[in-house]
Amino acid sequence: MRVKTLHTPAQLRDAGLASRAELETVAARYAVAIPPALTALIDRNDPHDPIARQFVPDMAELDRRPEESDDPIGDEAHSPVEGIVHRYPDRVLLKLTHVCAVYCRFCFRRETVGPDKPLSGESLARALDFIRNDPNIWEVILTGGDPLVLSARRLRAVMQELRTMEHVRVVRIHTRVPIAAPERITADLLRAMKASGRATYVALHVNHARELTREARAAIARMADAGLVLLGQSVLIAGVNDTEAALGELMRALVECRIKPYYLHHGDLAPGTSHLRSDIATGQALMRRLRGRWSGLCQPAYVLDIPGGHGKSPIGPNYIARAGENGAAHYVVEDYQGCRHRYPPASRSD
Ligand SMILES: *Cc1c(COP(=O)(O)O)cnc(C)c1O
Ligand code: SF4
């Protein structure tokens, strides 16, 4: 029997992943998809399995908190045309599809992702025109949804279109496909990703070392060998990676796969996700521990997307402070073990 992607509570029950009939309410509210590669990874005997926690719907998702929002990072306010989010002058998000290979229960765009919301051909043409007409746009970030659920043919068409825009020098693809459906990373899709004739960066979303299975690692190796630059994006999730061991192992696994950890995102205030959110003090403490004990290659920047559309800010621990007055002014810098050291201010000879 061929294993299929699970979408309905009945399918989840048959796969031994959920028992409660009430999950119908959750599934009717937020998209569900667990592809075979991830279904196979779930340990059904572990009630705290970090893979299940990320993808199997939970009744707690119906608990919506007042601070949560349908548009937690303010995409809407910065969307000049459908499919584009333009928050920073030099880069735009281009959302080619709202479909993902797997739906994460903590998704910051959970109100807009889902199987029945494709970007039409006309909207895509308007979105591409928007990029074509703004010479300040240096980088285009393909996101969604997950751009790698598209066929190689559709992706190639978009990439070739971007190539005709002289000002677009870098294309970045945000994806979870290499871990959710590694079989999709074919030679054809790799060629399509590179068709831009520009530097192509791929930011892979991975939250637990176990997601990097043998098949996923092979798919990632194909991407690295094809000359794509690989970055890691992770979300800090309570009960998944909010311990030093889980986070450190994740970062090491990424680095071993030739993926440079780029961002550790603080969980956004998406509706029904409070049970999966950690707090910022925990995130900062974890970052200090990473800095103290794990290779510099394993250090992502810990960032918060400020609610209301104000963009991302680094919120990791700070190691330097000013001290002293006027003539005695200096810096105090803290080392990885927590010891403080004096550092002189710049002395000018003129
Ligand atoms: C996150 C984001 C980006 C990318 O930000 P970087 O700091 O360059 O990774 C760009 N545009 C929008 C709207 C974003 O939310
Ligand atoms: S892959 Fe990204 S966009 Fe898709 S559900 Fe997960 S977090 Fe959301």
Side-chain angles (χ1 to χ4, degrees), residues 26-33 57 61-134 136-150 158 162 168 171-176 203 205 233 235-237 263 265-274 276-277 280 303-315:
V26 182
R29 182 76 182 78
Y30 302 113
V32 174
E61 292 173 49
L62 299 177
D63 170 17
R64 186 186 173 130
R65 300 292 167 90
E67 65 273 22
E68 294 176 343
S69 153
D70 285 355
D71 181 15
I73 68 168
D75 280 350
E76 198 53 48
H78 295 276
S79 182
V81 299
E82 196 190 345
I84 293 278
V85 183
H86 193 201
R87 182 174 293 133
Y88 307 107
D90 72 334
R91 52 213 195 274
V92 284
L93 306 187
L94 171 56
K95 301 187 200 173
L96 293 176
T97 173
H98 296 277
V99 176
C100 295
V102 59
Y103 293 103
C104 312
R105 306 327 296 165
F106 48 86
C107 176
F108 62 131
R109 293 209 180 99
R110 59 189 333 209
E111 293 292 343
T112 56
V113 297
D116 53 356
K117 296 158 182 164
L119 187 68
S120 72
E122 280 160 42
S123 299
L124 174 60
R126 268 196 299 275
L128 287 168
D129 280 342
F130 179 86
I131 300 170
R132 196 189 320 277
N133 294 330
D134 184 346
N136 296 315
I137 298 173
W138 170 82
E139 179 184 16
V140 174
I141 302 170
L142 305 183
T143 180
D146 195 317
L148 297 191
V149 302
L150 299 177
V158 171
L162 293 175
V168 175
V171 178
R172 193 192 322 176
I173 299 173
H174 280 192
T175 183
R176 215 162 179 8
H205 175 178
Q233 290 209 96
V235 181
L236 181 64
I237 307 168
Y263 278 157
H265 294 272
H266 189 73
D268 293 309
L269 295 169
T273 61
S274 60
L276 298 170
R277 248 187 332 270
I280 289 175
V303 294
L304 173 70
D305 225 306
I306 305 169
H310 304 287
K312 293 177 188 64
S313 282
I315 56 166

Run the side chain to side chain contact (heavy atoms under 4.5 Å, CB included) test on His174 and Gln233 for me, step by step, so that the C-alpha distance in whole Å, both residues' side-chain angles and the decisive distance to 0.1 Å come before the verdict. CA-CA 9 Å; His174 280 192; Gln233 290 209 96; 3.4 Å; yes
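- Contact record, Asp268 with Thr273: O-OG1, 3.7 Å, taken as the closest heavy-atom pair.
- Annotation: salt bridge (Lys or Arg N to Asp or Glu O under 4.0 Å) contacts involving residues 88-98, sequence neighbours excluded, comprise Asp75-Lys95.
- Closest non-hydrogen pair, Ile173 versus Pro147, comes out as CG2-CG, 3.7 Å.
- When all heavy atoms of Phe106 and Ala270 are compared, the closest pair comes out as O-CB, 4.4 Å.
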Residues Arg110, Glu68; criterion salt bridge (Lys or Arg N to Asp or Glu O under 4.0 Å); working and verdict: CA-CA 12 Å; Arg110 59 189 333 209; Glu68 294 176 343; over 6 Å; no
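- At least one donor-acceptor pair closer than 3.5 Å links the side chain of Ser79 to the backbone N or O of Ile84.
- Pairing each heavy atom of Asp63 with each of Ser274, the nearest pair is OD2-OG, 4.0 Å.
- Arg126 has no carboxylate O lying under 4.0 Å from a charged side-chain N of Glu82, or vice versa, which leaves the two without a salt bridge.
- Atoms OH and CG, from Tyr30 and Leu62 in turn, are 7.5 Å apart once rounded to the nearest 0.5 Å.
- With sequence neighbours left out, Phe130 forms a ring-ring contact (aromatic ring centres under 6.0 Å, His included) with His86.
- For the atom pair Ile315 CD1 and His266 NE2, the distance stands at 6.0 Å (nearest 0.5 Å).
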Please step through side chain to side chain contact (heavy atoms under 4.5 Å, CB included) for the pair His205 and Val235, ending with a clear verdict. CA-CA 8 Å; His205 175 178; Val235 181; 3.9 Å; yes
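- Nearest heavy-atom pair, Val149 versus Cys100, reported as atom, atom and distance to 0.1 Å: CG1-C, 3.9 Å.
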Steps toward side chain to side chain contact (heavy atoms under 4.5 Å, CB included) verdict (Val26, Val32): CA-CA 9 Å; Val26 182; Val32 174; 5.9 Å; no
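- The NE2 atom of His98 sits 6.0 Å away from atom CG of Leu119, with the distance rounded to the nearest 0.5 Å.
- Residues passing the ring-ring contact (aromatic ring centres under 6.0 Å, His included) test with Phe108: none are found, sequence neighbours excluded.
- Atoms CG and NZ, from Leu304 and Lys312 in turn, are 10.0 Å apart once rounded to the nearest 0.5 Å.
- Two residues are said to be in side-chain contact when any heavy atoms from C-beta on lie closer than 4.5 Å; Val85 and Ile141 fail this criterion.
- Between Pro72 and Ser69 the shortest heavy-atom distance is CD-O, 3.3 Å.
- Side-chain atoms of Asp146 come within 3.5 Å of backbone atoms of Arg176 as a donor-acceptor pair (strictly under, hydrogens ignored).
- Glu76 CD to His78 NE2: the interatomic distance, rounded to the nearest 0.5 Å, is 10.5 Å.
- Here the options are Thr175, Leu148, Leu94, the test is side chain to side chain contact (heavy atoms under 4.5 Å, CB included), and the partner is Leu142; only Leu94 passes.
- The distance from the CD1 atom of Ile73 to the NE2 atom of His310 is 12.0 Å, given to the nearest 0.5 Å.
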Set out, in order, the CA-CA distance, both residues' side-chain angles and the distance that settles side chain to side chain contact (heavy atoms under 4.5 Å, CB included) for Leu269 and Arg277, then state yes or no. CA-CA 8 Å; Leu269 295 169; Arg277 248 187 332 270; 3.5 Å; yes
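- The environment of CD in Glu122 is sparse: at most 12 heavy-atom neighbours from other residues, nucleotides or ligands sit within 6.0 Å.
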Could you walk me through whether Arg132 and Asp129 pass the salt bridge (Lys or Arg N to Asp or Glu O under 4.0 Å) check? CA-CA 5 Å; Arg132 196 189 320 277; Asp129 280 342; 3.4 Å; yes
